Amino acid sequence: MSIKDHKEQVQQTVAGLFDLPRDIALNLPKVVIIGNIQVFVENHRGIIEYAPEKVRISINRGELEIRGSQLVLRNILADEIALDGKIEAVTFRE
Amino acid sequence: MSLRSWWTYILGYVLISIQGPFPERFVNMAVARGIFLWDITRITEDKTEAKVRIDAFRAMRHLARRTRCRVRIKSKYGLPFLIIRLRRRKMLVLGGVLFCAALYLLSSFIWFIEITGTEKLDPWQIQHLAAEIGLQVGTPKWKLDLPAIEKTISDHFPQLHYVHLYFRGTKAIVEVAEKVIIPEDDQWTPAHLVAIKDGVIQEILVMVGQAQVKEGDTVKKGQVLISGRIQPDPAPAGSPPGQGPTPLPSRPEPQLVHAKGIVRARVWYQGYAEMPLVQTDEQLTGRSQTGYYLEIGNYCITLKGPDISPYPVYRTEVWRWEYQIGKPKPVTLRLLKTTFREVVIYHREHSPTQTQLLAEEQALTQIKSVLPPDSLILAQRSEVIPTNDAYLVRVKVVVEALEEIAEPQPIHQETRRTQGSQIRRKTAR
């Protein structure tokens with residue numbers, strides 16, 4: 001068990017103890033999927049790749065891959081991304 | 001549209017096309033610098049489109065150089081661009097402004113006047129008065145003093161109880177309520193009951209007054225049926241001897257009362273009708289044509305449709321609209337819409353019996369139109385009048401009806417006040 005994993009363990013325990021929202025405590029993205037038409041990502045780290053069939057979004061520790069067709073970046077702000085189109089898959093990668 | 005998109009529209013935004021191999025880098029850097037991009041779409045491998053507000057566009061040039069992208073404006077949206085475009089088309093703006101001004105100006109005039117709530121009073125009279133004091137079609141609204149007009153109208157027509165004038169758009173509405181005039185209470189004025197028509201008395205019921213006729217009598221119109229003048233009995237009613245004061249002494253003069261009662265009489269009505277054996281009638285065939293015509297003075301121009309009737313036998317239905325131009329020698333402009341409907345004429349022959357029935361029916365209808373609503377038909381008799389003409393049937397119908405024929409008629413005579421009040425007390429019971 002590395003030190004980093006250990007740190008995360010402590011963070012999770014503290015978050016559970018004080019009933020904090022875990023996306024904030026652990027600096028994780030919040031992903032909201034509306035049907036198969038929109039994916040909304042909060043707390044991202046920028047776009048890695050953008051194509052109409054595949055979008056990769058950098059997140060804390062890894063990336064988020066969204067597959068679909070006719071994908072359009074409806075909104076992009078420093079901490080949130082709204083992605084429209086026909087969503088087929090949302091995958092987390094290390 | 002959300003508030004943010006409205007704001008974006010007001011500030012103006014552009015659709016840019018980003019040409020370069022890695023638009024992601026460009027987008028990430030733009031976001032990092034606080035440039036808001038939206039509707040990012042990849043068109044081809046090295047071409048991406050996005051929208052950006054014009055105030056952020058300038059900062060992007062620097063970014064483009066660093067990421068080796070070429071940024072071009074594809075199209076412009078929003079208010080600032082609209083203003084630039086409109087500056088080049090001043091007449092269009094002027095037209096729009098003029099339109100709004102005209103709309104506002106025209107809506108501040110009265111174009112319609114409506115008078116509601118009149119019952120007996122002719123609305124035209126109110127309109128006429130209103131026009132005299134300034135309320136007429138074409139008057140600007142701000143010139144009118146509503147309470148003053150209301151007051152003038154209600155002062156001028158004493159039968160109005162309430163006048164309310166208000167505007168609804170370009171329509172001035174005068175709402176009035178008429179006073180309900182309660183008929184003068186003639187319940188106590190001395191009156192006879194007289195016959196309103198000739199008849200034979202069937203039944204008579206006297207409530208107040210003195211009967212002048214009896215059942216079976218033939219009466220003429222205007223004859224007194226129940227008199228309001230009561231002649232006192234010549235002999236006073238026998239009073240029990242030796243007990244209390246004597247009853248009212250009989251008066252020498254007659255008492256006057258408001259006669260009341262029901263008098264039903266048999267009344268005869270006569271109706272007459274004639275009917276030919278062969279009747280000419282017409283029927284619409286269902287075929288019709290409509291033409292539009294414009295008449296200027298004596299000239300007639302066919303706008304659309306047939307010049308003359310396309311059918312040999314027809315009925316027309318005309319809708320017209322007229323307008324006169326020119327003050328000294330007016331020329332009438334007339335727009336006509338004429339519908340020609342084809343008819344066929346046919347003859348219908350009835351047997352003498354049938355014709356007689358039809359004639360009777362017609363005569364009966366004629367009687368019923370004058371019959372009072374509460375009358376009861378007792379008998380009806382019809383009679384064919386012989387004629388020389390073999391193709392004509394003449395019928396006389398006599399109807400016997402039972403109805404009330406009494407009507408109060410005031411007695412014009414001075415009556416002493418004390419006496420009147422005494423009677424009132426008596427009859428009120």
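All chains are named by letter (A, B, ...) in the order of the sequence lines, taking the proteins before the strands, and each is independently numbered beginning at 1. What you are looking at is a predicted structure, and each value in this text was computed from that prediction instead of being measured.
- A 6.0 Å sphere centred on OH of B:Tyr162 holds more than 12 heavy atoms belonging to other residues, nucleotides or ligands.
- At a 4.5 Å heavy-atom cutoff, A:Leu83 makes no contact with chain B through either its backbone or its side chain.
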What are the atom names and distances for all donor-acceptor pairs below 3.5 Å between chain B and chain A?
residue: B:Glu24; atom: OE2; partner: A:Tyr50; partner atom: N; Å: 2.5
residue: B:Asn28; atom: OD1; partner: A:Ile47; partner atom: N; Å: 2.6
residue: B:Asn28; atom: ND2; partner: A:Ile47; partner atom: O; Å: 2.4
residue: B:Leu37; atom: O; partner: A:Ile76; partner atom: N; Å: 3.2
residue: B:Asp39; atom: N; partner: A:Leu73; partner atom: O; Å: 2.9
residue: B:Asp39; atom: N; partner: A:Arg74; partner atom: O; Å: 3.1
residue: B:Asp39; atom: OD1; partner: A:Arg74; partner atom: NH1; Å: 2.2
residue: B:Asp39; atom: OD2; partner: A:Arg74; partner atom: NH1; Å: 3.1
residue: B:Ile40; atom: N; partner: A:Leu73; partner atom: O; Å: 2.7
residue: B:Ile40; atom: O; partner: A:Tyr50; partner atom: OH; Å: 3.0
residue: B:Ile40; atom: O; partner: A:Leu73; partner atom: N; Å: 2.9
residue: B:Arg42; atom: N; partner: A:Tyr50; partner atom: OH; Å: 3.2
residue: B:Arg42; atom: NH1; partner: A:Tyr50; partner atom: O; Å: 2.1

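- When B:Val31, B:Ile40, B:Val27 are compared by the number of non-hydrogen pairs under 4.5 Å with chain A, B:Ile40 comes out ahead.
- Other residues, nucleotides and ligands contribute at most 12 non-hydrogen atoms within 6.0 Å of the CZ atom of B:Phe22.
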